[in-house]
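Structure first, then comments.
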Amino acid sequence: AGQSATQGINCYSAPSIAGPWTFEGRVLGQDDVVVPGEHGRWVMQRPKVLFNNRTRRFVLWFHLDQPKRSGKYKFRRVGTATAKLPA
């Protein structure tokens, strides 16, 4: 996971899977995550983005957790976010 998983989720673009990849910006940061009754430092990993034709929005799914305790994740949730634009 490393430090980048605890800072947020970034967006990159490329003309093909081979690159070159361009950093487009952070799309979700620590302060953007709100979980009632819980407090971060959050771990955000394995993001996936799809476009929802019905709502005309981009939808981001990701693994949401807190830093490991005793070598294991305890929170084990899925996070979601939506946006009109991809970055």
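The model shown is predicted, which means the values in this text are computed figures rather than measured ones.
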Of the non-hydrogen atoms in [X] and [Y], which two are nearest, and what is the gap between them?
X: Gly79; Y: Leu64; value: N-CB, 4.0 Å
X: Gly19; Y: Pro15; value: O-CG, 4.0 Å
X: Arg54; Y: Asn52; value: N-OD1, 2.9 Å
X: Pro20; Y: Ala14; value: O-CB, 3.5 Å
X: Pro67; Y: Val43; value: N-CG2, 3.7 Å
X: Leu85; Y: Phe58; value: C-CD1, 3.7 Å

Exercise. Around Lys48, counting heavy atoms of other residues, nucleotides and ligands shown, do more than 12 lie under 6.0 Å from its NZ?
Worked result: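 Enclosed: over 12 neighbouring heavy atoms sit under 6.0 Å from NZ of Lys48.
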
Tell me whether [X] shares a hydrophobic cluster with [Y], the cluster being built from Ile, Leu, Val, Met, Phe, Trp, Tyr side chains joined at under 4.5 Å.
X: Val78; Y: Trp42; result: no
X: Ile9; Y: Val34; result: no
X: Leu60; Y: Phe51; result: yes
X: Phe23; Y: Trp21; result: yes

For this session: Please step through side-chain contact (heavy atoms from CB on, under 4.5 Å) for the pair Arg57 and Lys84, ending with a clear verdict.
Result: CA-CA 5 Å; Arg57 294 193 179 259; Lys84 291 181 181 180; 3.2 Å; yes

Problem set entry | Test side-chain contact (heavy atoms from CB on, under 4.5 Å) applied to Ser16 - qualifying residues, sequence neighbours left out |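 Here the qualifying residues are Ala18.
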
Exercise. Does the Gln66 side chain pair with the main chain of Lys74, one donor and one acceptor, at a distance under 3.5 Å?
Worked result: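 Not a single qualifying donor-acceptor pair exists.
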
For this session: State whether Phe75 and Arg77 meet the cation-pi test: NZ (Lys) or CZ (Arg) under 6.0 Å from the six-membered ring centroid, and within 45° of the perpendicular axis.
Result: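 Ring-cation test returns yes.
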
